[in-house]
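Data block below; observations after.
Just so we're clear, the structure is a prediction, and the values are computed from it rather than from any experiment. FYI, the numbering just counts along the sequence from 1.
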Amino acid sequence: MINLEVPKKAGALINQAYQAAAEVFRPISRKYDRAEHTYPAELDMFAALLDGLNSSGEGGAGAAGVRRSTPDTKRGNRNGANLNVVLGTIEMCWGDVGLLLSMPRQGLGNAAISSVATDEQLERFSGLWAAMAITEPDCGSDSAAITTTAVPDGDDYVLNGEKIFVTSGQRADAVVVWATLDRSKGRAAIKSFVVEKGTPGFEVVRVEHKLGIRASDTAVLRFENCRVPRENLLGTPDIDTAKGFAGVMQTFDNTRPLVAAMAVGVARAALDETRRILASAGVKIDYDHPPQHPSAATWLALEADFESAYLLTLESAWMADNRKPNSLQASMAKAKAGRTVVDVTLKCVELAGVYGYTEESLLEKWARDAKILDIFEGTQQIQQLIVARRVLGKTSAQLK
């Protein structure tokens, strides 16, 4: 049974993450929102700290993986790296989600490597900052429709295709690219490859201007006869049509709780700031008595929604730590948190009035940042579809 109290041993990590969010992220949040595409040099000081936390097995506010192994029945319940990453991410995104996404060596591609790489690959790619490249101009939420190809040729695979909306695509050292070995074999032929910057045929086409998370770069990448060593394929090269592409999809078991944690952190930031604004206007939040002011009632309803997203996020990470299949819970957490953060931030802007709509506070920025958290790593609609399939026991062919 999961215990949803924050484990005591995570206290130091949470405190460190909060201090970083409050003392570094918050003060420069508006600066890098305005200076889009400028790398936040202040983040370099945190890279070594997070590397140390992740290598120690305690986890940090970065990318960890869902490593599957035989459960140790004598060990009992375990609060491990996945839960710590989620807790740290919540605190850091209370400061700024765009800055967290800009952290060196903490890309979503790192989560993919951690989840499905062999032990040899984990060692070889240690210290690499990896982005994740899935979406294409004609392929969004349906990742099975990927057209980027990987053709074996001697000791290499030759990649051809284009990827869009790649977070940290310009700044990262490498990109985990989803490509198909054989389009005629459908989902089962989709594999992921680690492609390092500087590889001939790998080009950053442009960096996008965006509504939110402006501190983070979002790039368009092109691969033209790009030769990638065979040993850079993550997982097995075998095409198992019975298994489908469960191997690469396992990545999402980790990254979806991580994105849910980002959403939870932004939502909590908005609630905290709105409560402060309401208090300054004489509106009291009272848990013991029915609220006398409509704004207080609205705030309490938003907080209840936030709490459910928070608990679902913790559950999905806890299940990964305890080697329990968490695909359903990961999608539930991502769906709930993604929708909640959009609702919470927009309603907080409304509750704060003119102050919430100007640059005098960060509320308007959080409202812009929130939308992407309901979109990337699988849209709201896709998450609901996955949940429905799991609950009803339907395949993707039976329920579209």
For L302 and C348, which heavy atoms make the closest approach, and how far apart are they? CD1-SG, 4.3 Å
Which atom of A20 lies closest to which atom of M92, heavy atoms considered: CB-SD, 3.9 Å
Flag the pair F252 / W178 as yes when their ring centroid distance falls below 6.0 Å, and as no otherwise. yes
State which residues pass ring pair (Phe, Tyr, Trp, His ring centres under 6.0 Å) with H289; sequence neighbours excluded, sorted by chain then number. none
Output all residues satisfying side-chain contact (heavy atoms from CB on, under 4.5 Å) with A131, sequence neighbours left out; order by chain, then residue number. V166, S168, A172, V175
Test salt bridge (charged side-chain N to carboxylate O under 4.0 Å, His left out) applied to R26 - qualifying residues, sequence neighbours left out: none
Quick one: do D343 and R339 make a salt bridge, cutoff under 4.0 Å? no
Suppose we screen for ring pair (Phe, Tyr, Trp, His ring centres under 6.0 Å). Which residues come up paired with F125, at least two apart in sequence or across chains? none
Here the pair of heavy atoms bringing A261 nearest to I90 is O-CG1, 3.5 Å
Tell me whether the count of non-hydrogen atoms from other residues, nucleotides or ligands lying under 6.0 Å of CZ in F165 goes above 12. no
Residues in side-chain contact (heavy atoms from CB on, under 4.5 Å) with E364, at least two apart? R30, E359, R368
Are L99 and F376 linked, directly or through other ILVMFWY residues, by side chains that come within less than 4.5 angstrom of each other? yes
Sorted by chain and number, sequence neighbours left out, ring pair (Phe, Tyr, Trp, His ring centres under 6.0 Å) with Y18 holds for W94
Whether R275 and E273 form a salt bridge (side-chain N of Lys/Arg under 4.0 Å from carboxylate O of Asp/Glu) is what I want to check. no
Using a 3.5 Å distance criterion without hydrogens, assess whether the side chain of S216 forms a donor-acceptor pair with backbone atoms of I213. no
Worked check of side chain to side chain contact (heavy atoms under 4.5 Å, CB included) between V341 and V264: CA-CA 7 Å; V341 71; V264 168; over 6 Å; no
Atom CG in D369, atom CZ in R214: separation rounded to 0.5 Å? 9.0 Å
Transitive ILVMFWY cluster of V391 at side-chain heavy atoms under 4.5 Å: who else is in it? L312, L328, M332, V387
Quick one: list whatever passes ring pair (Phe, Tyr, Trp, His ring centres under 6.0 Å) with H37, sequence neighbours left out. H209
Does the pair R171 and D217 meet the rule for a salt bridge (charged side-chain N to carboxylate O under 4.0 Å, His left out), with working shown? CA-CA 7 Å; R171 297 172 186 163; D217 69 298; 3.6 Å; yes
Between Y32 and E42, is a side chain to side chain donor-acceptor pair (under 3.5 Å) present by the stated rule, with each step listed? CA-CA 11 Å; Y32 287 105; E42 293 91 337; 2.7 Å; yes
Report the distance from atom CH2 of W129 to atom CG of N110, rounding to the nearest 0.5 Å. 9.5 Å
Between Y287 and E303, do the side chains contain an N or O donor and an N or O acceptor separated by less than 3.5 Å? yes
Regarding R268 and E91, does a basic nitrogen lie under 4.0 Å from an acidic carboxylate oxygen? yes
Is any side-chain heavy atom of L83 closer than 4.5 Å to one of P7? yes
Under 3.5 Å, side-chain donor or acceptor atoms of residues 149-159 against the rest of the protein: list the pairs with distances, not counting sequence neighbours.
{"unit_1": "D153", "atom_1": "OD2", "unit_2": "R227", "atom_2": "NH1", "d": "3.1"}
{"unit_1": "D153", "atom_1": "OD2", "unit_2": "R227", "atom_2": "NH2", "d": "2.9"}
{"unit_1": "D156", "atom_1": "OD2", "unit_2": "R227", "atom_2": "NE", "d": "3.1"}

For A301, which residues count as a side-chain contact (heavy atoms from CB on, under 4.5 Å) partner, sequence neighbours excluded? none
Look at K336 together with D305 and state whether they make a salt bridge at an N to O cut-off of under 4.0 Å. yes
Cluster link L221 to V207, ILVMFWY, side chain under 4.5 Å: no
With the threshold set at 4.0 Å, does a side-chain nitrogen-carboxylate oxygen contact exist between E136 and K163? yes
Out of D33, D96, T345, which one pairs with K365 under the side-chain hydrogen bond (donor to acceptor under 3.5 Å, both in side chains) rule? D96
So does R222 pair up with E203, basic N to acidic O under 4.0 Å? yes
Could you go through V195 and N232, starting from their C-alpha distance and side-chain angles, then the distance that decides it, and tell me whether this counts as side chain to side chain contact (heavy atoms under 4.5 Å, CB included)? CA-CA 7 Å; V195 185; N232 281 25; over 6 Å; no
Sub-3.5 Å donor-acceptor pair from the side chain of T38 to the main-chain atoms of A35, do we have one? yes
Nearest heavy atoms of Q383 and A335, plus distance in Å: CB-CB, 3.6 Å
Within a radius of less than 6.0 Å around CG of D138, do more than 12 heavy atoms belonging to other residues, nucleotides or ligands occur? no
Among side-chain atoms of S327 and D253, is any donor-acceptor pair under 3.5 angstrom? yes
Are E224 and N160 side-chain neighbours, meaning at least one heavy-atom pair lies under 4.5 Å? yes
Rounded to the nearest 0.5 Å, what separation is found between the NZ atom of K185 and the CD1 atom of I190? 13.5 Å
Matching residue for N82 among D321, L87, L258 - test: side-chain contact (heavy atoms from CB on, under 4.5 Å): D321
For T180, give me all partners under side chain to side chain donor-acceptor pair (under 3.5 Å), at least two apart in sequence or on another chain. none
Any side-chain heavy atom of V266 sitting closer than 4.5 Å to one from W366? yes
Count the heavy atoms of every other residue, nucleotide or ligand shown that sit under 6.0 Å from CD of E120, and state whether that count exceeds 12. yes
For residues L363 and G356, report the shortest heavy-atom separation together with the two atoms involved. CB-O, 3.8 Å
Rounded to the nearest 0.5 Å, what's the gap from CD on E231 to CG on L234? Could you check? 11.5 Å
Using 0.5 Å steps for rounding, measure from the OG1 atom of T255 to the CE atom of M132. 5.5 Å
Taking atom NZ of K334 and atom OG of S316, what is their separation to the nearest 0.5 Å? 12.0 Å
Looking only at heavy atoms, which two atoms of S102 and A215 are closest? And how far apart? OG-O, 3.0 Å
If you apply the rule side chain to side chain contact (heavy atoms under 4.5 Å, CB included), what do you find for L314 with V86, and how did you get there? CA-CA 7 Å; L314 294 192; V86 160; 4.0 Å; yes
Hydrophobic clustering (ILVMFWY, side-chain heavy atoms < 4.5 Å, transitive) - are I375 and I164 grouped together? no
Check step by step if side chain to side chain contact (heavy atoms under 4.5 Å, CB included) holds for F202 and V228. CA-CA 10 Å; F202 175 12; V228 180; over 6 Å; no
List in chain and number order the residues that pass side-chain contact (heavy atoms from CB on, under 4.5 Å) with L385, two or more places apart in sequence or in another chain; answer none if no residue qualifies. R389, L399
